[in-house]
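So the structure is just underneath, and the comments pick up after that.
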Amino acid sequence: MLRMSTLFLRTLRDDPSDAEVASHRLLVRAGYIRRIAAGIYSWLPLGYITYRNIERVIREEMDAAGFQEVHFPSMLPREPYEKTNRWEEYGPDLFRLQDRKGGDYLLGPTHEEMFTLMVKGEYSSYKDLPLHIYQIQTKFRDEPRPRSGIIRGREFVMKDSYSFDLDDAGLDASYEKHRQAYIKTFDRLGLKYNIVAAMSGAMGGSRSEEFLAPCPTGEDTYVLCEKCGYAANVEAMITKVLSKEIATPPAVEVMDTPNTPTIDSLVEVMNKNYGGGFSAGDTLKNILLMADGVAISVLVPGNREVDVKRLQANLSGVKELRLFEEADFATRKELVKGYVGPQDAQKFGLKLYADPRIAVGTHWITGANQLNKHARYVTHGRDFQVDAFVEAVEIEAGDLCPKCESPVIIDRAIEIGHIFALGRKYAENLDLTVLDHEGKSRVVTMGSYGIGVSRAVAAIAEQTHDEIGLSWPIEIAPAQVHIVATGKDDQPFNVAEDLAKKIEASGRTVMLDDRRDASPGVKFKDAELIGNPIILIVGKALIDGKVELRIRKSGEKREVALESAVTEVLALLV
RNA sequence: CGGGGCGUAGCGUAGUGGCUAGCGCGCCUGCUUUGGGAGCAGGAGACCGAGAGUUCGAAUCUCUCCGCCCCGACCA
């Protein structure tokens with residue numbers, strides 16, 4: 001039983017000045033967490049109980065799925081990360097340290113290497129597969145910008161699991177098994193979430209989905225089709241191009257378009273000198289970029305922006321991508337800034353990409369590769385050829401769902417889980433092989449699956465709080481029932497104590513506000529701030545043999561007879 | 001790393017060159033109070049982020065450093 005009279009807890013009346021988002025503000029005010037350094041937090045008793053409740057649910061679901069728990073150290077040697085090249089790749093995000101002999105160590109940001117090596121050390125036969133193991137571990141990433149309290153810390157707890165299979169079919173099954181386990185887990189945690197197609201990106205691999213908990217303070221942007229349920233990370237959104245009949249356009253016509261280096265200025269001149277009715281969507285933007293030191297050109301409609309991050313995610317293998325700068329134009333005089341067109345890309349030795357919106361057969365107004373000149377009727381397939389299509393534009397609300405063609409919405413969310421079909425990258429680099437039934441050595445294929453455990457505390461707080469405080473789901477709350485005793489006599493305190501014991505005897509958790517010196521107002525405010533789901537008030541109504549029952553979430557209150565109070569409370573907790 | 005802001009008691013804050021750094025919450029003592037963050041009286045608690053400088057005099061001005069928050073490029 002948690003007794004407020006002795007609980008290590010001090011609630012704050014004012015919001016802490018360094019907290020912005022609701023979860024951060026309220027978790028600090030309600031005495032769940034305290035900041036130690038940027039992105040590093042301590043868990044106080046209430047916070048730690050809540051955190052452990054979440055951990056428990058996750059662990060139960062992992063175990064129920066038949067996954068086995070292990071525990072690695074946080075501090076790890078350099079060598080394994082050297083072999084997968086991540087000692088370098090992780091860059092400054094990796095916390096590094098040295099021992100007294102100058103040996104390099106790191107604080108684990110994630111543990112693919114260690115799991116792979118562990119399995120390699122024990123297993124060598126296909127008969128041992130499939131295998132699923134997981135851990136719940138503190139992870140360290142020296143984030144460039146820790147943010148939003150516990151949502152994005154430099155130290156955080158993650159549940160990470162890994163699957164090991166002989167072949168692709170096995171990996172698919174393992175992936176699906178994890179997916180189902182995650183659905184159960186997040187449902188139990190009381191989170192609203194969407195499963196969203198994601199890019200596997202830096203982790204490599206073939207298939208990847210994110211579990212995103214929608215909330216306005218989230219850092220991730222995703223698209224959602226409210227009609228058919230299609231959901232995707234903006235990077236992974238697939239463009240739907242409606243095919244339309246296109247008459248064969250006239251031959252290319254070069255036009256004088258003085259002082260039109262921008263789309264807006266071009267449209268204005270076109271409307272003035274070449275008849276009206278032109279809009280930015282009729283023009284073609286030629287975006288020049290440097291991809292790992294090589295100049296490339298990407299075509300997008302003039303009314304759309306390029307999303308460099310999304311573009312990079314879709315240009316497989318490109319490590320560094322940036323827009324052309326003045327210096328790049330200076331070294332490539334043939335590329336006339338503001339007047340570039342795709343017609344001469346081959347001549348210029350430019351690799352040419354197009355957003356899918358630039359379909360074959362469409363024609364555009366675009367640069368003529370001469371200062372102050374543009375060309376029209378420039379037709380894809382006739383006047384230029386692209387090397388490849390690539391998703392490049394910034395997704396906007398109203399873009400069409402690739403499945404059902406209705407307009408999508410754009411929403412924000414917190415990423416609470418991510419599942420990857422990793423494939424063989426790590427197994428190859430670390431030489432994890434098993435013998436198959438023919439006695440031949442085969443590289444194992446892996447999956448990697450994460451849940452942000454500490455982040456889930458914040459995500460749940462974000463989704464469930466209201467103006468006056470936190471409001472936890474039953475299974476997560478520090479206590480399921482919060483009993484407040486008010487008055488100056490002993491009687492309500494004795495009655496409250498008795499109720500607390502009975503409810504606890506029924507297997508429920510109880511917090512008892514047995515403070516003799518606090519006023520009723522203080523106790524009510526604290527109860528609401530702390531956010532336990534059921535609040536039972538023993539006080540004034542006791543004269544009539546009643547106690548007051550409140551539902552934190554709905555605000556509903558009613559008086560119930562003392563004798564039936566326990567039954568009523570238990571009925572609310574099923 | 002670029003842009004913006006902030007650092008004064010446990011928390012929230014006032015104080016732009018002048019005397020003993022002020023207020024609210026919280027904390028301690030006493031009395032009163034007990035259904036919506038109680039009242040009165042008394043009290044403790046601050047090397048004003050650190051260092052250097054300017055000045056008769058610095059929380060206040062200058063420089064450097066450190067720390068923190070927010071907005072952008074990365075991720076559970």
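Chain letters run A, B, ... following the sequence lines, proteins first and then strands; every chain starts at 1.
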Taking OP1 and OP2 of [N], is either one under 4.0 Å from a side-chain nitrogen or oxygen of [X]?
X        : N      : result
A/Lys540 : B/rG35 : no
A/Arg147 : B/rC69 : no
A/Arg13  : B/rG26 : yes
A/Lys488 : B/rU33 : no
A/Ser519 : B/rA38 : yes
A/Ser17  : B/rG12 : yes

Between [X] and [Y], how do the two ring planes meet: parallel, tilted or perpendicular, split at 30° and 60°?
X        : Y        : value
A/Phe324 : A/Phe329 : perpendicular
A/Tyr48  : A/Tyr51  : parallel
A/Tyr182 : A/Tyr449 : perpendicular

Looking at [X] and [N], is any side-chain donor or acceptor paired with a base atom of the opposite kind under 3.5 Å?
X        : N      : value
A/Arg152 : B/rC74 : yes
A/Glu528 : B/rG37 : no
A/Asp526 : B/rG37 : yes
A/Arg29  : B/rG10 : no

Heavy-atom closest contact ([X] atom, [Y] atom, distance):
X        : Y        : result
A/Leu191 : A/Ala213 : CD2-CB, 4.3 Å
A/His71  : A/Ile136 : CE1-O, 3.3 Å
A/Thr110 : A/Tyr162 : OG1-OH, 3.7 Å

Which part of the nucleic acid, if any, lies within contact of [X], taking any heavy atom under 4.0 Å across all strands shown: a base, the sugar-phosphate backbone alone, or nothing?
X        : result
A/Asp15  : sugar-phosphate
A/Ile537 : base
A/Pro144 : base
A/Glu143 : base
A/Arg141 : base
A/Ser148 : sugar-phosphate
A/Gly417 : sugar-phosphate
A/Gly153 : base
A/Ala541 : base
A/Ala37  : sugar-phosphate

Output the single nucleotide from [options] whose closest atom is nearest the side chain of [X].
X        : options                : result
A/Ala38  : B/rC75, B/rG35, B/rC68 : B/rC68
A/Arg35  : B/rG37, B/rC75, B/rC68 : B/rC68
A/Arg10  : B/rC69, B/rC25, B/rC27 : B/rC27
A/Met158 : B/rC68, B/rG36, B/rA76 : B/rA76
A/Pro520 : B/rU34, B/rC68, B/rA76 : B/rU34

Span that lies between the [atom1] atom of [M] and that of [N], in whole angstrom:
N      : M      : atom1 : result
B/rU60 : B/rG53 : C1'   : 15 Å
B/rC25 : B/rA41 : P     : 12 Å
B/rA59 : B/rC48 : P     : 7 Å
B/rC40 : B/rG4  : C1'   : 47 Å
B/rU33 : B/rC23 : C1'   : 25 Å

Provide the Watson-Crick or G-U wobble partner of [N], both distances under 3.5 Å; none if there is no partner.
N      : result
B/rU16 : none
B/rG35 : none
B/rC68 : B/rG5

Inset, instruction - Please answer whether B/rA76 and A/Phe156 are stacked, defined here as ring centres separated by less than 5.5 Å and planes angled under 30°. - result: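 Stacking between A/Phe156 and B/rA76: present.
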Inset, instruction - With RNA chain B as reference, determine whether A/Thr486 or A/Val21 sits nearer its 5' end, using the nearest nucleotide of each. - result: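 Looking at the nearest nucleotide for each, A/Thr486 comes out on the 5' side.
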Please give, in whole Å, the distance from [N] [atom2] to [X] [atom1]?
X        : N      : atom1 : atom2 : result
A/Lys546 : B/rG35 : NZ    : P     : 19 Å
A/Arg515 : B/rA38 : CZ    : C1'   : 14 Å
A/Tyr134 : B/rA76 : OH    : C1'   : 17 Å
A/Lys557 : B/rG35 : NZ    : C1'   : 9 Å
A/Ile543 : B/rU34 : CD1   : P     : 13 Å

Legend entry - Ring center gap for A/His178 and A/Phe420 short of 6.0 angstrom: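 No, they do not, as the ring centres are separated by 6.0 Å or more.
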